Amino acid sequence: TTTLRSLCADKAAYAPDATEDDFRTAYLQVASRTRLLSAHTLPKGKYVGVHVRRKDKLTVRSANFTDMTAEVFEEIEERVLEYIEVLVAQGQQSIFVCGDDPTYCKGLGIKLRGRGANVLVSDYTALEDHACLQCCSKIVQCTLYSTFSITAAMIAQVPLVNFTEWHKTMMGEWAADGVVHLEHVEPKIALPREDSGVPHEWQQSDRITQMVREMLDTMHTALTSGDSEAAAAAARKVYADDVVCHHNGGTFNKDSKSIGVGGIIESIKGWMGTYTAHGAT
């Protein structure tokens, strides 16, 4: 589920001499050759798949490009219902619904039947759902973002439908890299944030600096007092937050200036240099 762009950015660790086209070719070859052995499949191309992802995505306040508030999800659901209604009017009546919330999926199935669709609601395992989505003629995301249905669309090379401003999220990378085909739908549901999902409190470079300095001060105090366990705990927190930073895009913007995670790490190394006299390793 790592985007092609992310792989290319780290290509020195994989294949320093490879070009982006080399990565793209290999990426698509792996996808096209991936097969799931599943007890349940669907007739190829008969159904349009609707993938629901709710349980770990709903939040009170959207903090990154994968989270959504209940209000945003309600907008997405309404767009899904309208979209399926149009398909039914065009003769596409067979709809397959799967997701991480069985109770909600059953309710969505009832709503879709009310719009004239012939609905099959999954009671399969997640692996079987993925195999079934690969058999659909297209996949509609009833969520803000999910690599579960993205990878199904990529493996099967079928269109993916997302009703949000996906070009502002990592979804835009998947589309720009040519490994997933996003169907053009308008209007797009606006995301309640200014960027591709970096938490608002992390958009300010001074906030990042303050956060890291607080951690390092904790480490410094622990080291000078001889409390190695507290120092180790602080170090782990620095590492964990760096992983979160990298996961959220690796770049923090302020006034059109970028601070990459690499720069943050170099700053940490510089500050840590002052602590080696106290036995830090």
Side-chain angles (χ1 to χ4, degrees), residues 38-62 65-153 156 158-167 169 171 180-192:
S38 170
H40 295 281
T41 57
L42 299 174
K44 192 73 173 178
K46 177 180 179 180
Y47 288 84
V48 167
V50 176
H51 175 234
V52 175
R53 182 77 175 269
R54 276 170 46 92
K55 285 189 173 181
D56 62 336
K57 301 295 186 182
L58 288 175
T59 60
V60 175
R61 172 182 176 274
S62 295
F65 68 87
T66 69
D67 293 340
M68 56 188 171
T69 62
E71 291 76 17
V72 169
F73 183 77
E74 287 173 5
E75 288 187 69
I76 294 172
E77 181 195 78
E78 186 54 38
R79 290 294 301 280
V80 169
L81 293 172
E82 293 172 355
Y83 183 84
I84 298 299
E85 188 172 12
V86 171
L87 291 184
V88 169
Q90 295 173 347
Q92 174 60 58
Q93 295 180 311
S94 298
I95 308 298
F96 172 70
V97 177
C98 66
D100 65 342
D101 189 334
T103 301
Y104 173 82
C105 287
K106 291 177 182 177
L108 181 63
I110 293 172
K111 292 180 181 179
L112 290 170
R113 292 186 185 102
R115 307 273 178 132
N118 178 20
V119 183
L120 171 62
V121 178
S122 170
D123 60 356
Y124 310 144
T125 66
L127 182 65
E128 291 167 338
D129 283 346
H130 202 278
C132 288
L133 286 174
Q134 292 178 40
C135 295
C136 294
S137 60
K138 67 175 64 176
I139 301 171
V140 180
Q141 288 192 315
C142 188
T143 189
L144 179 63
Y145 181 92
S146 174
T147 53
F148 188 89
S149 38
I150 289 174
T151 52
V158 297
L160 187 69
V161 181
N162 183 290
F163 298 101
T164 68
E165 293 178 318
W166 52 263
H167 58 289
T169 74
M171 187 83 77
V180 175
H181 171 62
L182 270 295
E183 183 174 302
H184 184 72
V185 291
E186 292 289 349
K188 294 180 175 64
I189 297 171
L191 301 180

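Because the structure is a prediction, the values reported are computed rather than measured. The basis for the numbers below is simple: all heavy atoms, side chains too, and nothing from hydrogens, waters or symmetry mates.
Cys105 and Cys98 get closest at one heavy-atom pair: SG-C, 3.8 Å. Closest approach of Ser149 to His51, counting heavy atoms only: OG-ND1, 2.9 Å. Across Ile84 and Ala117, no two heavy atoms sit closer than the pair CG2-CB, 4.2 Å. Ile139 and Leu133 make their closest contact through CD1-O, 3.6 Å (heavy atoms, listed as atom of the first residue, atom of the second, distance).
Using a 4.5 Å cut-off on side-chain heavy atoms (C-beta onward), Ile95 and Val140 make no contact. Counting heavy atoms from C-beta on, the side chains of Arg113 and Val121 come closer than 4.5 Å. Put simply, the side chain of Leu160 reaches to within 4.5 Å of the side chain of Ile150, judged on heavy atoms. Here the side chains of Leu108 and Leu81 are in contact, with some heavy-atom distance below 4.5 Å.
Taken from CZ in Arg54 to CG in Asp101, the straight-line distance is 5.0 Å, to the nearest 0.5 Å. Taken to the nearest 0.5 Å, the OG1 atom of Thr143 stands 13.5 Å off from the NZ atom of Lys55. Of the inter-residue distances, the one linking Gln92 atom CD with Lys46 atom NZ reads 10.0 Å to the nearest 0.5 angstrom.
Of the listed residues (Glu183, Arg115, Glu78), just one forms a side-chain hydrogen bond (donor to acceptor under 3.5 Å, both in side chains) with Tyr83, and that residue is Glu183.
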Asp100 and Phe148: CA distance, side-chain angles, deciding distance, side-chain contact (heavy atoms from CB on, under 4.5 Å) verdict: CA-CA 11 Å; Asp100 65 342; Phe148 188 89; over 6 Å; no
Take Leu120 and Leu42 through the side-chain contact (heavy atoms from CB on, under 4.5 Å) test and state the conclusion after the steps. CA-CA 10 Å; Leu120 171 62; Leu42 299 174; 3.7 Å; yes
Can you list the steps and then say if Phe163 with Cys142 is a side-chain contact (heavy atoms from CB on, under 4.5 Å)? CA-CA 8 Å; Phe163 298 101; Cys142 188; over 6 Å; no
Cys136 vs Val158, test: side-chain contact (heavy atoms from CB on, under 4.5 Å). Steps then yes/no. CA-CA 8 Å; Cys136 294; Val158 297; 5.9 Å; no
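Using modelled atom types, no side-chain atom of Asn118 and backbone atom of Ser94 make a donor-acceptor pair closer than 3.5 Å. Side-chain N or O atoms of Lys44 include one that pairs as donor or acceptor with a backbone N or O of Gln134 at under 3.5 Å. A distance-only check finds no donor-acceptor pair linking the side chain of Asn162 to the backbone of Gln141 [under 3.5 Å].
Using cut-offs of 30° and 60° for the angle between ring planes, the Phe96 and Tyr124 rings count as parallel.
Using a cutoff of 4.0 Å between basic side-chain nitrogens and carboxylate oxygens, Glu77 and Arg79 are not scored as salt-bridged.
Side-chain contact, Arg53 with Ser146: a donor N or O sits under 3.5 Å from an acceptor N or O.
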